Amino acid sequence: MSVKEYRTITDVKGPLVFLTDTEPVAFGDIVTLRMADGTTKNGQVLDTSDDLVAVQVFEGTAGIDLGTGVTFLGDVFRLPVSKGLIGRILSGSGKPRDDGPEIVAEKNADIIGAAINPYSREMPEEFIQTGISAIDCCTTLVRGQKLPIFSASGLPHNDIALQIARQAKIISSDDPFIVVFCAMGITAEEYNFFVHDLERTGALENAVLFVNLADDPAVERLITPRLALTAAEYLAFEHDYHVLVIYTDMTNYCESLRQIGAAREEVPGRRGYPGYMYTDLAMLYERAGMVKGKKGSITQFPILTMPGDDITHPIPDLSGYITEGQVVISRELHQKGIYPPINVLPSLSRLMNAGIGEGKTREDHKSVSDQLYAAYAQGKELRGLVAIVGEDALNERDRQMLKFADIFEDKFLRQGRDEERTIIETLDLAWELLTNVNTKYLVRLDQKWIDKYHPTEKKE
């Protein structure tokens, strides 16, 4: 460990400090900065060359001048981890925010983590029941998956995330979920909402919160998800917990990346975001999964708000490439007063087929889901036609599909914020709604499923 203090700061730009004439240092090394009044701040080496070192300061650069002393500690940023993390609320830099004691560490874990060897990964194929019909039936979540929520400002993505955090369970096992909640750039109002809801439902006892508020330094947001994932990996792979990691909001994280890139005067990529944003996001998302020989797992639910409701924006676009699907929140459904306003048509779970079917959910799950998609898509398309030619111009089949779209939104998608439906209740509800369509139009369903599950066509 170096004990030499350097006073060679040449420039301060935003959250960055630049030094010259230092010892050889490595990327990611942690740094202590001592100011004239004796107070200290922590930082990390962001860039290094023969004649210049760039340090990002986690607490912001206010008060730092050219006389500030800088000490390189010769180590990377580490998080003290133990089972004592469960039930705690920590800041975005890993310090207690709940007025509790410091974490008594079983070990200090490198927050960058180690990539899971692809050969050591297990294929995710165990169904997670969230209690939300739109997800469980149409966009099924599987243990070890990374499934983002694509939302936008003003939509209830946080309510949905909290409902999932409360209700998520593996129906084939009694093992509990530990929720690691990672909040980046949220307002104090949102923070109070999260904590109050988790306390109200008792979910805080099985949760770890890492919170970076909107008025906290933006640079801190770059380490907050890494701290959360380090805690998740420790609980999953050292203590065999099933861990559900919920990030909100990845858009704030990416904005911080853009801010740091601008301070470093990097050549910007699409819409000003750094060209390495894809790699940076992948380093977070790819820490989800299961490892052969380990009972624990990490399932990720990243939330991102699409700027301008634009699903082609770089943040959702790149996230879609890395993750295994998406759950899309609809402003149109929200304006109709439907909660949760999940638009199942652009939503997708690429691992759904691996986690459903006989012995996992129910044998008819895939066929029912396909039929709901088909009927709802046709009904929504017909709404546009009706606006032009009127409903009287439709044939019998089209009128039934048009009516089904309304019923699907009102009865299937709409749920209470504390309403939890089992997968069997969800599938039974789907069959009940399909009675509004003549069976000769249910072309996505095998006759054997109609004979077995259709409420009016059952053959005992």
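By convention here, the first residue in the shown sequence is residue 1. Since this is a predicted model, take the numbers as computed values, not measurements.
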Compute whether any side-chain donor of one residue and acceptor of the other, for Thr230 and Arg78, lie under 3.5 angstrom apart. no
Before accepting this row, confirm whether a basic side-chain N of the pair Arg271/Asp310 lies closer than 4.0 Å to the acidic partner's carboxylate O. yes
Partner set under side-chain hydrogen bond (donor to acceptor under 3.5 Å, both in side chains) for Thr130, not counting sequence neighbours: Asp136
Could you check Gln129 against Arg421 for side chain to side chain donor-acceptor pair (under 3.5 Å), going step by step and ending with a plain yes or no? CA-CA 9 Å; Gln129 179 177 286; Arg421 297 176 186 161; over 6 Å; no
Measure from the side-chain N and O atoms of Glu324 to the backbone N and O of Leu348, and report whether any donor-acceptor pair falls under 3.5 Å. no
Would Phe194 and Phe181 count as a ring-ring contact (aromatic ring centres under 6.0 Å, His included) if you check the C-alpha gap in whole Å, the side-chain angles of each, and the deciding distance to 0.1 Å? CA-CA 9 Å; Phe194 283 132; Phe181 217 99; 4.8 Å; yes
Is it true that Ser91 and Asp216 share a donor-acceptor pair across their side chains at a distance under 3.5 Å? no
Donor + acceptor pair across side chains of Gln44, Gln56 (<3.5 Å): yes
All side-chain hydrogen bond (donor to acceptor under 3.5 Å, both in side chains) counterparts of Asp428, not counting sequence neighbours: Arg362
Please report whether the ring centroid of Tyr376 lies less than 6.0 Å from that of Phe404. no
Whether the side chain of Lys403 engages the backbone of Gly379 through a donor-acceptor N/O pair (distance < 3.5 Å, no angle test) should be reported. no
Gln400 and Glu396: side-chain donor and acceptor closer than 3.5 Å? yes
Should the ring pair Trp449 and Tyr453 be called parallel, tilted or perpendicular, given that the plane angle runs from 0 to 90° and is split at 30 and 60? tilted
Set of residues satisfying side-chain hydrogen bond (donor to acceptor under 3.5 Å, both in side chains) with respect to Ser330, sequence neighbours excluded: none
Arg143 and Ser297: side-chain donor and acceptor closer than 3.5 Å? yes
Begin from the C-alpha positions of Thr323 and Arg350 and carry the test side chain to side chain donor-acceptor pair (under 3.5 Å) through to its verdict. CA-CA 9 Å; Thr323 55; Arg350 295 189 180 95; 5.1 Å; no
Counting distance only, does the side-chain N/O of Arg264 pair as donor-acceptor with the main-chain N or O of Leu16 below 3.5 Å? no
Do Phe77 and Phe58 have their ring centres less than 6.0 Å from each other? yes
Stepwise side chain to side chain donor-acceptor pair (under 3.5 Å) check, Ser367 with His365: CA-CA 6 Å; Ser367 296; His365 187 155; over 6 Å; no
I want to check a possible cation-pi pair here: Arg417 against Tyr339, using under 6.0 Å from ring centre and within 45° of the ring axis as the test. yes
Between Ala288 and Gln300 the two heavy atoms that sit nearest each other are N-NE2, 3.4 Å
Under 3.5 Å, is there a donor-acceptor pair linking the side chains of Gln447 and Asp451? yes
State which residues pass salt bridge (Lys or Arg N to Asp or Glu O under 4.0 Å) with Glu106; sequence neighbours excluded, sorted by chain then number. none
Between Glu190 and Thr187, is there a donor-acceptor pair closer than 3.5 Å when you use the side chain of the first and the backbone of the second? yes
If the condition is side chain to side chain contact (heavy atoms under 4.5 Å, CB included), which residues does Pro307 pass it with, not counting sequence neighbours? Thr251, His313
Does His239 have any ring pair (Phe, Tyr, Trp, His ring centres under 6.0 Å) partners at least two apart in sequence or in another chain, and if so, which? Tyr234
Can you tell whether the side chains of Glu233 and Arg226 come within less than 4.0 Å, N to carboxylate O? no
In a check of side chain to side chain contact (heavy atoms under 4.5 Å, CB included) between Met250 and each of Ile303, Leu284, Ile149, which one passes? Leu284
